[in-house]
Number of protein chains: 2
Amino acid sequence: MDVTPGAQLMPVLGQLIRIIRQTDPSDGVSLVALAVLRRLESEGPGRISELARVERASQPGMTQLVGRLERADLVRRIPDPHDGRGVLVELTDGGREQLARTAAGYAATLDALLSRLDADDRAAVAAAIPALRRLAAVPAGAGGG
Amino acid sequence: MDVTPGAQLMPVLGQLIRIIRQTDPSDGVSLVALAVLRRLESEGPGRISELARVERASQPGMTQLVGRLERADLVRRIPDPHDGRGVLVELTDGGREQLARTAAGYAATLDALLSRLDADDRAAVAAAIPALRRLAAVPAGAGGG
DNA sequence: TATTGTTATACTCTATAACTATA
DNA sequence: TATAGTTATAGAGTATAACAATA
């Protein structure tokens, strides 16, 4: 067993996430919550089950998260006109503002960190971003090969 | 406000962490727990307060995490011979084995994901790993420049 | 007095199981 | 029967405040 890229990448991801999380807890918008808001903004209203699948949460977990977001007036539930069982979750104006604010806060934390690196390192990170984005977008359940 | 590297990097990190977390929950070893075990292995026994600082957790939070790890026989507490107030946390043999197992599981998840990328993307990620490692190692409290 | 660690308490986040309503 | 969503319940994880013991 040698040191694979995955083995090197993993602790780094954990550490970065912990740094990000601790920087801006005042907003009260967790990373999953933020991901949901972001998705609602870019894709429009979405179903609970779809959000759960895409964000890799359980359906009850997503119900509860949406409940918290609704109580904070960041989203609202509207009935799905095409399926009486379903619910569409929609971003409110407040949710849109909160999304912008929180995302900017988290981004600023990372940019501050990046600013401590030298130019070569910054360039290496920037060059890897599209690849990392594709890495994160690998569909759920995709095994190795 | 344009799209900074931090703004692009942030959602990717969140998504990757969620992927990693959901891949191998059976171990019961969280990412922070894993980071602590890893540190104990590489640096030897450490103080609660030191672990809390390095892993960016509160001191009570670290006490509780160490308590969970101790209950699972992954670490043990020994008195600090140089300071009656202090405690040294030490990895057990079981903890070392669990660390190897869990780290391998998480790494395999990431490597499987990486294997779905094309060669250029994989190279870009590999090239960025040292920079990302330095990014994650920026000391706590270091503001932007 | 300051530091180290623990206990008490509360909250967020998430999961599984059981349930309701619609398809 | 299958699917969409909710409720009930439990547990991990983490924080702040208050405390005990040692320096």
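It should be emphasised that the depicted structure is a prediction, and the values quoted were computed from it without experimental measurement.
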Look at the side chain of [X] and decide which nucleotide, out of [options], has an atom nearest to it.
{"X": "B:Pro60", "options": "D:dG5, D:dA12, C:dA8", "value": "C:dA8"}
{"X": "A:Val32", "options": "C:dA23, C:dC13, C:dT6", "value": "C:dC13"}
{"X": "B:Arg85", "options": "C:dA23, D:dA21, C:dT14", "value": "D:dA21"}

Length of the [atom1]-[atom2] vector between [X] and [N], whole Å:
{"X": "A:Arg21", "N": "D:dT14", "atom1": "CZ", "atom2": "C1'", "answer": "10 Å"}
{"X": "A:Ile78", "N": "D:dA4", "atom1": "CD1", "atom2": "P", "answer": "17 Å"}
{"X": "B:Met62", "N": "C:dT3", "atom1": "CE", "atom2": "P", "answer": "20 Å"}
{"X": "A:Leu65", "N": "D:dG5", "atom1": "CG", "atom2": "P", "answer": "14 Å"}
{"X": "B:His82", "N": "C:dT4", "atom1": "NE2", "atom2": "C1'", "answer": "16 Å"}
{"X": "B:Leu51", "N": "C:dT4", "atom1": "CG", "atom2": "C1'", "answer": "13 Å"}
{"X": "B:Glu55", "N": "D:dA15", "atom1": "CD", "atom2": "P", "answer": "12 Å"}
{"X": "B:Leu88", "N": "D:dT22", "atom1": "CG", "atom2": "P", "answer": "16 Å"}

What nucleic acid atoms does [X] come within less than 4.0 Å of, heavy atoms only: base, sugar-phosphate, or nothing?
{"X": "B:Arg47", "answer": "sugar-phosphate"}
{"X": "B:Asp83", "answer": "sugar-phosphate"}
{"X": "A:Ser49", "answer": "sugar-phosphate"}
{"X": "A:Arg77", "answer": "sugar-phosphate"}

For this session: Determine the minimum heavy-atom distance between A:Leu9 and B:Ile129, stating which atoms define it.
Result: CD1-CG1, 4.1 Å

Problem set entry | Atom of B:Leu65, atom of B:Ala33 and distance for their closest heavy-atom approach | CD1-CB, 3.9 Å

Please confirm whether the shortest side-chain N or O distance from [X] to OP1 or OP2 of [N] is below 4.0 Å.
{"X": "B:Ser58", "N": "D:dA15", "answer": "yes"}
{"X": "B:Ser30", "N": "D:dA12", "answer": "no"}
{"X": "A:Arg68", "N": "C:dT12", "answer": "no"}

Exercise. Do B:Leu117 and B:Tyr106 belong together in a cluster built from hydrophobic side chains that touch within less than 4.5 Å?
Worked result: yes

Exercise. Distance from A:Arg76 atom CZ to A:Leu40 atom CG, nearest 0.5 Å?
Worked result: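 Here the rounded value is 11.5 Å.
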
Exercise. Going through the distances and angles, do A:Arg77 and A:Leu88 end up as a side chain to side chain contact (heavy atoms under 4.5 Å, CB included)?
Worked result: CA-CA 6 Å; A:Arg77 283 175 162 91; A:Leu88 291 177; over 6 Å; no

